[in-house]
Amino acid sequence: MKILIIRFSSIGDIVLTSPVVRCLKKQLTDVELHYLTKPNFSNIIDSNPYVSKVKTLSKDWKSMMRDLQSENYDLIVDLHHNLRTWRIKHGLKKVKSVSFDKLNYQKWLMVRFKINKLPNIHIVDRYLQTVQYFGVSNDGEGLDFFIKNKEEMSVANMLPKNFQNGYIGIVIGASYETKQLPISQLTQLCKTIKDPIVLLGGKEDMENGKTLSELNPDKIFDACGKFSLMESAFIVSQAKKIISHDTGLMHIAAAF
């Protein structure tokens, strides 16, 4: 059986689908998994040993659809469930598909009127409900994240010497301002922690990273915008602890 899994974005959501990938591969016999995502997230999937091929969302829609049609899939597992995935499923209309229930109405009720009709079930189990009719179930092994070219990385080559005997990682960024601690509270957090601190984030967090590292350069190393996603994930994997907002690196930390 050849299955196409679709999840376009983002880092955290793709990591949260990793149990679906693993459980399909390990619990079904003779299954080949392909994963369709955005090009800038393809390296997350490319390192996953359970995925045979990574497909990327293309602006050249016709070319992308010809490529997908040539694969002769037996099943589409749509874990994104939006207009673009509908177009893909419509273009592959002879292929059976199952779709993740995003519970948009329940989320709208919660956000608009604070009426909570959301089920008390983890998002991973909700993703797995999409394929439960196969008899696939949660194996309890948690999230997966595989670091590409991990053997080429070392803390000694990435961090100053006084951070190589253990550190606390703080992920200071987030996709929305309302998901972030204000700089005043991040400052207090950094002052409270006794261990060496590595600040993690993207280029958009560099200003705050510089401000925080200047509090105590010997204790606080600013890694914001300095490393690739895989390198940042490696730093996360080697940390004593990770303190994080709701970000992709938070889910990567949970995987480790």
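Side chains included, hydrogens not; waters and symmetry mates left out as well; all remaining heavy atoms used.
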Asker: Side chains of Ser237 and Lys150: any donor to acceptor distance under 3.5 Å?
Answerer: no
Asker: Using a cut-off of 6.0 Å, state whether more than 12 heavy atoms not belonging to Asn116 lie near its atom CG.
Answerer: yes
Asker: Testing the basics here: between Gly142 and Pro19, what is the closest heavy-atom pair and its distance to 0.1 Å?
Answerer: O-CG, 3.5 Å
Asker: Using the rule given for side chain to side chain contact (heavy atoms under 4.5 Å, CB included), can you reason through Tyr50 versus Leu24, listing the C-alpha separation, both sets of side-chain angles and the distance that settles it, and then say yes or no?
Answerer: CA-CA 9 Å; Tyr50 303 120; Leu24 280 171; over 6 Å; no
Asker: Closest heavy-atom contact between Met158 and Met153?
Answerer: SD-CB, 4.3 Å
Asker: Do you reckon Ile14 sits in the same ILVMFWY cluster as Ile147, going by side-chain contacts under 4.5 Å, direct or chained?
Answerer: yes
Asker: Please assess Asp101 against Gln129 for the test side chain to side chain contact (heavy atoms under 4.5 Å, CB included), listing each intermediate value before the final yes or no.
Answerer: CA-CA 9 Å; Asp101 186 354; Gln129 283 178 338; over 6 Å; no
Asker: Check the hydrophobic clustering (I, L, V, M, F, W, Y; side-chain heavy atoms under 4.5 Å; chains of links allowed) and say if Leu199 and Val171 are grouped together.
Answerer: no
Asker: Measure the spacing between CD1 of Ile115 and CE of Met110 and express it to the nearest 0.5 Å.
Answerer: 10.0 Å
Asker: Is the number of heavy atoms from other residues, nucleotides or ligands under 6.0 Å of Glu207 CD greater than 12?
Answerer: no
Asker: Can you tell me how far the CZ atom of Phe163 sits from the CD atom of Gln238, to the nearest 0.5 Å?
Answerer: 16.0 Å
Asker: Hey, are Glu141 and Arg22 close enough for a salt bridge, meaning a charged N less than 4.0 Å from a carboxylate O?
Answerer: no
Asker: Kindly check if the number of other-residue, nucleotide or ligand heavy atoms within 6.0 Å of OH (Tyr133) is above 12?
Answerer: yes
Asker: Does Lys117 NZ have over 12 foreign heavy atoms under 6.0 Å away?
Answerer: no
Asker: Trp86 and Leu36: same hydrophobic cluster, using ILVMFWY side-chain contacts below 4.5 Å?
Answerer: no
Asker: Relative to each other, are the rings of Phe256 and Phe145 parallel, tilted or perpendicular (30° and 60° limits)?
Answerer: perpendicular
Asker: Quick one: CD on Gln69 to CE on Met64, what's the gap to the nearest 0.5 Å?
Answerer: 9.5 Å
Asker: Check the orientation of Phe8 and His80. Use parallel for under 30°, tilted for 30 to 60°, and perpendicular for over 60°.
Answerer: tilted
Asker: Measure the spacing between CD1 of Ile76 and CD1 of Ile6 and express it to the nearest 0.5 Å.
Answerer: 5.5 Å
Asker: Applying a strict under-4.5 Å side-chain criterion to I, L, V, M, F, W and Y, I'd like to know whether Phe41 and Leu33 cluster together.
Answerer: yes
Asker: Above 12 or not: heavy atoms from other molecules or residues under 6.0 Å from OH of Tyr105?
Answerer: no
Asker: Which value, rounded to the nearest 0.5 Å, describes the distance between Phe146 atom CZ and Ser18 atom OG?
Answerer: 7.5 Å
Asker: More than 12 heavy atoms of other residues, nucleotides or ligands under 6.0 Å from NZ of Lys241: is that the case?
Answerer: no
Asker: Do side-chain atoms of Asp195 reach the backbone of Tyr167 as a donor and acceptor pair under 3.5 angstrom?
Answerer: no
Asker: Kindly give the heavy-atom pair with the smallest separation between Leu143 and Ala254, and that separation in Å.
Answerer: CD1-CB, 4.1 Å
Asker: When you look at Lys26 and Asp139, which way does the salt bridge (charged side-chain N to carboxylate O under 4.0 Å, His left out) test go after all the steps?
Answerer: CA-CA 10 Å; Lys26 297 181 79 170; Asp139 59 10; 5.4 Å; no
Asker: Mind checking side chain to side chain donor-acceptor pair (under 3.5 Å) for Thr130 and listing every partner two or more places apart, or none if nothing turns up?
Answerer: none
Asker: Under the criterion side chain to side chain contact (heavy atoms under 4.5 Å, CB included), I'd like the reasoning laid out for Glu152 against Glu231: C-alpha separation, chi angles, the key distance, then a yes or no.
Answerer: CA-CA 10 Å; Glu152 298 175 11; Glu231 290 168 333; over 6 Å; no
Asker: When Cys224 is tested against each of Val198, Asn208, Ile172 for side chain to side chain contact (heavy atoms under 4.5 Å, CB included), which residue passes?
Answerer: Ile172
Asker: Parallel, tilted or perpendicular: which fits the ring planes of Tyr127 and Phe100, with parallel below 30° and perpendicular above 60°?
Answerer: tilted
Asker: Measure across Arg7 and Leu79 and return the closest heavy-atom pair with its distance rounded to 0.1 Å.
Answerer: NH1-O, 3.0 Å
Asker: Looking at every heavy atom in both Asp78 and Thr85, which two are closest together, and how far apart are they?
Answerer: OD2-OG1, 2.8 Å
Asker: Could you state the interatomic distance from OG (Ser97) to CD1 (Ile88), rounded to the nearest 0.5 Å?
Answerer: 11.5 Å
Asker: For the pair Ser70 and Asp67, evaluate side chain to side chain contact (heavy atoms under 4.5 Å, CB included) and give the outcome as yes or no after the intermediate values.
Answerer: CA-CA 5 Å; Ser70 71; Asp67 176 54; 4.1 Å; yes
Asker: Which atoms form the tightest heavy-atom contact between His245 and Met250, and what is the distance?
Answerer: O-CB, 3.4 Å
